[in-house]
Amino acid sequence: MDKFYLYNTLTRQVGEFVPREEGRVNMYTCGPTVYHYAHIGNLRSYIMEDVLEKFLRYIGYDVKRVMNITDVGHLSSDGDTGEDKMVAGAKREGKTVMEIAKFYEDAFFRDCEALNIRTPDVVEPATNCIPEYIALIERLFENGYAYEAGGNVYFDTSRLSDYYALTGHSADELRIGVRDDVEEDGNKRSKTDFVLWFTKSKFDSQELKWESPWGVGYPGWHIECSAISMKHLGEYLDLHCGGVDNIFPHHTNEIAQSEAALGHSWCSHWFHVQHLNDREGKMSKSKGNILTVSVLKEKGYDPLVYRMFCLQSHYRKPLEFSWDTLDNSRAAYERLKNRIAAIADEGELEQEKFDEYRARFIENVGNDLNTSLGLTVLYDVIKADMSGKTKLALIADFDSVLSLSLITEKKAEAQSDEFTEWVEGLIAERAEAKKNKNWARADEIRSQLAEKGVTLKDSKEGTTWTRA
Ligand code: AMP
Ligand code: ZN
């Protein structure tokens, strides 16, 4: 395994990343709250987490990555007094919570696909795991960290000596960082206590509710991530990711409840992506000043231009969005692709050079995920004195981390081979169905192919096809 140095929010320094089990990484990512489209700020976090995951795989780790989908419990206030964002979203659109959850989850994954973001190994909607939250909260009661008040169940932060370990700040300093409105909840013994299970809220329109030992209600947002992570990754986590706004209170509370339930430390490495801002400040779904992948497309930008824009800067620095800087990234991306397209696939593969540049790429990106230095190594390859074959092999190799679709023609060819195989498989199945007089299946296949622009022509010799 190559060495990888990464900043850890918990230790507040760059250090060697060493997972608990040799060669394996348990990775958890806070997923989207699906009450609206993801904005390109959210997607900055997901792009950088994607590069992180791919880089870990690139240097030889076996990564298991889990992500939740927040479809319940994330309130519009960090102070546990707001309305569930999902309920507010459903009201806004005159739909049910599950309808908007499905709609925006699908939209999120379409955006991810357009940005070459790999889907995590496990994606778990929060509403799937109610028994797991109840079991975890029961464990917190057994260990003396939970209490009931005014109908809700709270976590008792006064039992912890290092509640602020992740933030490194005092309670007073943090009050400034808390997002949105913070209204005090009189049921809390300490102001930092947080809700594990709601049965009472001033909003009585909560649509989804479940039975629990504490009454019919719904889980708090933080408990989701602890329980979903433990369900799929066990009691120890190597890496937990999110945007910097998640540090407090969300991740702070995740640590509090996970460690209180488990009785040992839980996650060793915390990775946080700084915000994408626009001129008015942090881009945020609740402020409504959002830019989406669809807007980029409508304005004629390839979404990968935005991926390039993100990779050109360091994930720990705030990034200011403007159309001018995006235009610079577009020009750089187009130039890069043109230069690569001009490289002829000829000569021998020069293994020594390949290894030398690969090592440089690993050293540079492995220095706190420095993607812009990774791009510099890529430009060095293009300029270097080596065979076209070696260059193209290196570019394809680096692109397994950068995911900028740098070698598009080859990719298109591979895709078209796959597509042809798929079409011809269905044509064979259709011929078989017709032989067996299964006309319904035969028609179904014809329309399935038509959806992809494939037209079939039957003749005595067999079936031929064309694609629009
Ligand atoms: P949400 O859908 O609001 O739960 O947020 C999804 C992810 O996007 C979380 O990891 C947030 O920390 C992150 N995030 C939210 N706003 C921004 C922003 N302006 N820039 C970068 N990441 C963000
Ligand atoms: Zn989370």
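Remember, predicted model here, so these are calculated numbers, not experimental data. Whatever order the structure lists them in is the order used to number ligands and atoms, beginning at 1. Residues take their numbers from the sequence shown, with the count starting at 1.
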Using a 3.5 Å cut-off on N or O atoms only, is [X] in polar contact with ligand 1?
X    : answer
D245 : yes
G41  : yes
N246 : yes

Check your understanding: Quick one: do D106 and K102 make a salt bridge, cutoff under 4.0 Å?
Key -> yes
Check your understanding: Would you say H272 touches ligand 1, if touching means a heavy atom closer than 4.0 Å?
Key -> no
**Study point:** Test item, T70 contacting ligand 1 (heavy atom, 4.0 angstrom)
**Key:** no
Can you tell me which residue pairs pass the salt bridge (Lys or Arg N to Asp or Glu O under 4.0 Å) test with a partner in [range], sequence neighbours excluded?
range            : answer
residues 220-229 : none
residues 150-167 : D156-R189
residues 366-380 : R316-D368, R360-D380, D380-K383

Practice item. Establish, for the pair K299 and W323, whether the NZ or CZ atom is under 6.0 angstrom from the six-membered ring centre and no further than 45 degrees off its axis. Key: yes
Point to revise | R92 to Y35, cation-pi by 6.0 Å centre distance and 45° axis angle | key: no
Check your understanding: Which protein N, O or S atoms lie under 2.8 Å from the Zn ion (ligand 2)?
Key -> C30 SG, C225 SG, H250 NE2
